[in-house]
Each structure stands twice: as C-alpha cells, then as structure tokens.
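Written below as structure tokens is the structure these notes are about.
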Amino acid sequence: MTVGLHHFLALSAVLFFIGLYGALSKRSAVLVLMSLELMANAVNVDLVAFSRFVTPATMAGQMFAVFSMVVSAAEIGLGLALVLALYRATRSVEVAAMNRLKG
C-alpha cells in the first residue's frame, strides 16, 4: 500500500476540523491558540503534499509551508502576549473575559 495524495488530504481535513472544533468550543484562550495552530499545521500538510505530488520538481510548497510556520510563530507570540495581558487584568484566561480589556 502506498500513501497517496488523498491520504494526506484526509489527514489534513481531520486535523483542520479538530482545530476548528477546538477554536469554536473551548473557552480558554490558550486552547483556542493551540487549536488555531493545529489548523495552520493542517494547511502546511496540504502545502507540502501538493508540492510533493503535483509539482515535485519545485520546492514551492515547502517554501510556503516554512513561510506559514514563521507567520504562525509570530501569531502565537502575539496571542500569548494577549493571554498574559488578559491574565494580569482578570486573573483568568477565559475568552469571555476579553471584553474587560477594552479601554
């Protein structure tokens, strides 16, 4: 049995929907950030799989995946800064408490 493009697409879809469920259902800001990261990694799996199976001569998919990881790392850094600000202001990391951060 060989692993084909559709296997990677199925894995990516499962990861994306697990992340989507986590982002929509969790109340903790840290868990929402982790779910967003899972969704971004699902997209990275797709990028690398398409690059491997559609255009194996170019490394465009891998380069986009690396760029996406850099953007995700910056996003997580910013998100964790917001979570720390939320925790300092409210002593909680609940997403519903974000309304208290308004000036």
Side-chain angles (χ1 to χ4, degrees):
M1 179 179 160
T2 61
V3 178
L5 179 62
H6 58 282
H7 292 105
F8 287 105
L9 294 179
L11 171 70
S12 175
V14 169
L15 288 176
F16 188 84
F17 282 111
I18 289 172
L20 183 64
Y21 172 75
L24 294 178
S25 66
K26 299 298 177 190
R27 294 174 32 184
S28 169
V30 175
L31 292 178
V32 170
L33 284 176
M34 290 173 59
S35 299
L36 291 175
E37 193 66 25
L38 189 61
M39 292 167 62
N41 283 328
V43 172
N44 288 339
V45 168
D46 274 346
L47 287 171
V48 173
F50 277 121
S51 176
R52 166 70 173 89
F53 288 100
V54 176
T55 59
T58 65
M59 302 260 309
Q62 286 89 345
M63 295 306 291
F64 279 125
V66 169
F67 180 73
S68 173
M69 283 187 240
V70 170
V71 171
S72 293
E75 166 213 330
I76 290 300
L78 182 64
L80 286 177
L82 287 173
V83 169
L84 282 175
L86 175 68
Y87 182 76
R88 286 183 183 160
T90 64
R91 295 289 176 206
S92 172
V93 291
E94 298 288 324
V95 175
M98 290 259 184
N99 285 337
R100 296 181 192 156
L101 291 180
K102 291 180 182 175

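Note that the structure is a prediction, hence the values are computed from the model and not measured.
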[atom1]/[X] to [atom2]/[Y] distance, rounded to the nearest 0.5 angstrom?
X	Y	atom1	atom2	answer
Thr2	His7	OG1	NE2	7.5 Å
Leu33	Leu78	CG	CG	9.0 Å
Ser25	Leu20	OG	CG	9.0 Å
Leu47	Phe67	CG	CZ	11.5 Å
Leu11	His6	CG	NE2	12.5 Å

Between Ser68 and Phe64 (side chain of the first, backbone of the second, donor and acceptor by atom type, cut-off under 3.5 Å), is there such a pair? no

Atom of Lys26, atom of Val32 and distance for their closest heavy-atom approach: O-CG2, 3.7 Å

What are the two closest non-hydrogen atoms of Gly19 and Ser35, and how far apart are they? O-CB, 3.2 Å

List for me each residue that meets salt bridge (Lys or Arg N to Asp or Glu O under 4.0 Å) alongside Arg52, sequence neighbours excluded, and say none if there are none. none

Applying side chain to side chain contact (heavy atoms under 4.5 Å, CB included) to Phe16 and not counting sequence neighbours gives Met39, Ala42

Suppose the criterion is side chain to side chain donor-acceptor pair (under 3.5 Å): which pairs have a residue in residues 10-19, not counting sequence neighbours? Ser12-Asp46

Do Leu15 and Asn41 have side chains that get closer than 4.5 Å, going by heavy atoms? no

A quick test of your reading: do over 12 heavy atoms of other residues, nucleotides or ligands sit less than 6.0 Å from CE of Met69? yes

